[in-house]
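Just below is one structure, and these are the notes that go with it.
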Amino acid sequence: MHALPDIHKPGLVVFDMDSTLIQMESIDAIAEAAGFGEKVAAVTEAAMQGELDFVQALHARVKYLAGVKESLIWKMADNLPYSQGADDLLRFFKKLRWRIAIVSGGFTWFADSASMRFGADYVACNVLEVKNGELTGRLLGRIIDGQAKADALNALMMQYGIPREQTIAVGDGANDIPMLEAAGLGVAFNGKPALREVADICIEDSLVGLIDILK
């Protein structure tokens, strides 16, 4: 295991969002609303376990979302099921003036809501194309996959002038592996087996468990 960062010195913590800060997978929730819940959830699970290429799986699932009204997603974004202990953990980092980033394979509406709630310094997530108030079933811009998450952590580290040993990454699925490996301390929260293998620390149930370890 890597050494723990000095929590009283400047640092950077990078969070995955789906099944980490919030207890849902964005794409599954939208698909459920579109009537394709089971089909999409099966692909999501295989991708999170590392059995499918993340980007291919993402494009395949997003196609099912064509025709979903954006207004429906806004309602969902206002009622996100935040993970137990998320507010406490983020307040802990804020109080110590750590930089907070949310880097997610999920989507703008949910990531923006989470970012506002937690006062994140940086957010990167996937963007679903909207035309005439409905999803088209296509993505816009760079896909946030496992490598993009690691790239974001490295870029923020440089931007904020924070040494690697003062960085923490928190995630749950196989697409978080590169990010956890890039960080000084990799934390799996309710982690899938593939992620637990590379994590320095594994915590379950509540994110508050990380406060106890870092103090």
Are Phe107 and Leu139 side-chain neighbours, meaning at least one heavy-atom pair lies under 4.5 Å?
yes
Any non-hydrogen side-chain atom of Leu128 less than 4.5 Å from a side-chain atom of Leu65?
yes
Under the side chain to side chain contact (heavy atoms under 4.5 Å, CB included) rule, what do Leu214 and Phe93 come out as? Steps first, then yes or no, please.
CA-CA 10 Å; Leu214 294 172; Phe93 281 119; 3.7 Å; yes
Find out whether Arg142 and Asp151 are in side-chain contact, i.e. whether some heavy atom of one side chain is under 4.5 Å from a heavy atom of the other.
yes
Does Arg99 make a cation-pi contact with Tyr122 (under 6.0 Å, within 45 degrees of the axis)?
no
Just do the salt bridge (Lys or Arg N to Asp or Glu O under 4.0 Å) check on Glu165 and Lys9 with the steps written out, would you?
CA-CA 11 Å; Glu165 61 269 20; Lys9 287 182 181 172; over 6 Å; no
Taking the side chain as every heavy atom from C-beta outward, state whether Leu135 and Glu129 have any pair of such atoms under 4.5 Å apart.
no
Taking the side chain as every heavy atom from C-beta outward, state whether Ile168 and Trp98 have any pair of such atoms under 4.5 Å apart.
yes
Return yes if some donor-acceptor pair links the side-chain N/O of Asn190 with the main-chain N/O of Asp205 below 3.5 Å, else return no.
yes
I want to check something: taking the side chain as every heavy atom from C-beta on, are Ser104 and Asp18 in contact at a cut-off of under 4.5 Å?
yes
Can you confirm whether Leu4 sits close enough to Ile201 that some side-chain heavy atom of one is under 4.5 Å from a side-chain heavy atom of the other?
yes
What distance do Phe118 atom CZ and Leu89 atom CG have between them, rounded to the nearest 0.5 Å?
9.0 Å
Lys75, NZ atom: more than 12 neighbouring heavy atoms under 6.0 Å:
no
